[in-house]
Amino acid sequence: MAKPRVIYWFRTDLRLHDSPALKAALDLHPEAFWPIWTWDPHYVYRARVGPNRWQFLLDSQRDLSESLTKLNQKSKLFLIRESPQTLLPKLFKAWKVTHLVFEKDTDAYARDRDAEIMRAAKAAGVEVVIRSGRTLWDSDLLVEQHHGKATMSISQVQAAGPKVGAIPRPLAAPTKIPDPGEMPLEFEQDVPEQAPDLNAQAREHGDRSYAQLAGPHGDFAVPSMEELGFTATSLHRGGETIARKLLDDVIANEEYTALFEKPKTAPTDFEPQATTLLSPHLHFGTLSVREFYWRVQDVVDNYRGKGKASQPPVSLTGQLLFRDMYFGAQAALGHAFGQTMYNSHCRFIPWHLPSKVDHERKQVTGEYHIDSDEAHVWFQRWKWGRTGFPWIDALMRQLRQEGWIHHLGRHAVACFLTRGGCYVSWERGAEVFEEWLIDHETACNAGNWQWLSCTAFFAQFYRCYSPVAFPQKWDKDGVFVRRYVPELAALDSKYIYEPWKAPIQDQRKAGVRISGAGEKEEEGVYPKPMFDFAERRAICLDGMKKAYHVGLYGDDPKVVDGSWRQLFDDAAEGPTEGKTFEDAMGEGGAMTVKKGPAGRDSNGDAVEETAGRTKGKGGETKTSDRRTTAVTKRKAAQGTLDGHVKKMKK
DNA sequence: CGGTACGTTGATAGG
DNA sequence: TCCTATCAACGTACC
């Protein structure tokens, strides 16, 4: 029998410590061992990845590569620039590979990709070895122990997890690795199609990373930011070395580790932030989640200090349980988990700016309908931190610059965009997070957006975050706002969260004018709030109540074919303008993407929104005209309704 | 079936 | 500063 010639395919596990898959690969005692990374065009062009996450990835790859070289001078992370689906079959042959080893990835795209790779490996006579290592428990086994259903609450995870088994103690890092074999690349490179490149807007020039299979110097090196055309702004850097140092620092502080309660940490803290900043390392696998778990758990078990150690779900280990919960939901629901349409667990709410859907594939296309110009403006102002609400704007600017905001900050901006302000689809917000977060994790992002928008996991929509009151719990003087919205740095504390209330003299004294709608950045000017929050909150609350009463889910035939509109017609209250959109879903067709450009968003190239460039559709229906009028009237009535109701009750 | 307790992180008024 | 009840009210688990 031939001696094992093993490709170890790094993907979600850029580390040497505690990697079950890496251990399995080395336990084969390979004659040749190639640690590789395939530069996947799906990630480069079709996923939304902003400059700061690119920087974090390249950091992580370089650090791993150096660590591999320390174990064997001849080895490194060999980065090959081609789609794995086309590349790996060629490598199997050219390098006489006997085994392919990788860590299990339950993301919807990854499952499709890996199934294809496994078919190719079978055809080539290559044995595939897969190990779970990304979560506390194998997500598929977790689902199995939860009776084959999506894990939708933390108690379900706490019940099903132990049935899968005890969380394994971390494995040691390898102390040596075998030599790589010869690496002939005597085959054609399949150069990927760039378009559509969802990251084109953020690049300074076109992507150049596919110039050669082994990179511009033929040395299998990690691409540079320059090749990709990005400039990062974040100081949060990647790599296993940094991850382990961060973890050591957390663990060294026994009190912090043992007493940690997430809801009590301050979203307004910066330098240092109130939470661990380890999430991006979990995402790239530069830190093992099980190692994190046990290092924390050992501190908790031995804690004899003041107070009682905190417990899940608020404790540090509780945070990891949530991560496994979202992974379990995604493992059970697949592609549908990342969208409303066809998602059996996601409530249908007639949000503005709904996703366009390819009904053949039952997947969203990445584009969206502009059903309301007003909502679209609100969305853009939210994204770019110009809503006129300093708390929201500070968070969104911190997110763009640093790629990270505190969990409760994410709650604040997510609630504001969806059920507590703009009534815009959670999918729009999730896309912005996907692009800008350095710790973006598909499962957690989709899950958390569903949670905050009260479409799944959480239903108490009447608990609404105020952009004025909420941050004052931690930061009365608005130090956080002054840091990220420097226009307001000198404003008196009593106006810091509501600058529109500052008298002209106070504005002048602070060197800022509260004026305009934030169309463009102007020295010394901060926009007026884009709406009356109390009024919007009431309208949204009413819309949520109505939508909950109707009780549709994303996989309901009425949602899919557009006939849901009839259910909202008569008693429609609040923001059901969603139904004015000239969406072809109403005809039940899969033609949502096909209709020609026209309509009101044809001039809307303000949609710098990645796949945006939403081509609208012409042709308002009679119904929608009627609807628009009705809604306008209703809006006016409701603005005052909230106040009246309250006063009457008192 | 009915009632009740609970659910990681709301806002507000009042003690 | 910290605690409580109220606001108007969600779904789920469990007795």
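Computed from a predicted model, the values in this text were never measured in an experiment.
- Checked against B:dT9, C:dC10, B:dT8, the side chain of A:H411 finds its nearest nucleotide in B:dT9.
- The residue A:E261 sits apart from the nucleic acid: no heavy atom pair falls under 4.0 Å.
- Spacing between atom CD of A:Q472 and atom P of B:dT9 amounts to 21 Å, rounded to whole angstrom units.
- Looking at the side chain of A:K545, the nearest of the listed nucleotides B:dG10, C:dA9, B:dT8 is C:dA9.
- Spacing between C:dT6 and B:dT8 at atom P, rounded to whole Å, works out to 24 Å.
- Using the six-membered ring where Trp is involved, A:F480 and A:Y484 have ring planes that are tilted, between 30° and 60° apart.
- Distance from the side chain of A:Q319 is smallest to B:dT8 among B:dT8, B:dT12, B:dG10.
- Ring geometry for A:W378 against A:F531 counts as perpendicular: the plane angle is over 60°, on a 0 to 90° scale with 30° as the lower cut.
- Nucleic acid contact class of A:Y462 (heavy atoms, under 4.0 Å, all strands): base.
- No engagement by A:W474 is indicated, since no non-hydrogen atom pair under 4.0 Å with the nucleic acid exists.
- To the nearest angstrom, P of C:dA8 lies 11 Å from CZ of A:R537.
- Pairing analysis of DNA chain C (Watson-Crick: purine N1 to pyrimidine N3 plus N6-O4 or O6-N4; G-U wobble: N1-O2 and O6-N3; both under 3.5 Å) yields stems of 3 or more pairs at B:2-7 with C:10-15, B:10-15 with C:2-7.
- Note on A:E435 versus A:R53: no salt bridge recorded, every NZ/NE/NH1/NH2 to OD/OE distance being 4.0 Å or above.
- Among the heavy atoms of the strands lying under 4.0 Å from A:R347 are primed sugar atoms or P, OP1, OP2 only; no base atom is included.
- Residue A:F322 is in base contact, counting any heavy-atom pair closer than 4.0 Å across all strands shown.
- Taking atom NE2 of residue A:H146 and atom C1' of nucleotide C:dA13, one finds them 12 Å apart after rounding to whole Å.
- With salt bridges taken as basic N to acidic carboxylate O contacts below 4.0 Å, none links A:R482 and A:E487.
- We find that CD1 of A:I154 is positioned 14 Å from C1' of B:dT9, with the value rounded to whole Å.
- Within 4.0 Å (heavy atoms only), A:K264 reaches no atom of the nucleic acid at all.
- Proximity note for A:P313 (side chain, C-beta onward) versus B:dG10, B:dT8, B:dT12: the nearest is B:dT8.
- Looking only at side-chain heavy atoms (C-beta outward), A:F56 and A:H281 come within less than 4.5 Å of each other.
- Nucleotides C:dA8 and B:dG14 place their P atoms 16 Å apart, quoted to the nearest Å.
- The side chain of A:H407 has B:dT8 as its nearest neighbour among C:dC10, B:dA11, B:dT8.
- Relative to the ring axis of A:W436, A:K383 places its NZ or CZ within 45° and under 6.0 Å from the centre.
- A:R463 has no side-chain polar atom (N or O) that falls below the 4.0 Å cut-off from OP1 or OP2 of C:dC10.
- A side-chain donor-acceptor contact under 3.5 Å links A:D477 and A:S493.
- If you take CD of A:Q158 and P of B:dG7, they are 10 Å apart, rounded to a whole angstrom.
- Across the protein-nucleic acid pair, A:R419 atom CZ and B:dA11 atom P stand 10 Å apart, rounded to whole Å.
- Side-chain atoms of A:L408 lie closest to B:dT9 of the nucleotides B:dT8, C:dC10, B:dT9.
- Here, C:dA9 and C:dA13 have their P atoms 23 Å apart, quoted to the whole Å.
- By the 30° and 60° cut-offs, the orientation of the rings of A:F568 relative to A:W564 is perpendicular.
- If you measure from atom CZ of A:F458 to atom P of C:dA9, you get 15 Å, rounded to the nearest angstrom.
- The CE atom of A:M152 sits 12 Å away from the C1' atom of C:dT12 (whole-angstrom rounding).
- Mapping A:K149 and A:A459 onto DNA chain C by nearest heavy atom places A:A459 at the nucleotide closer to the 5' end.
- Within the 4.5 Å cutoff, side-chain heavy atoms of A:Y303 are placed close to those of A:E255.
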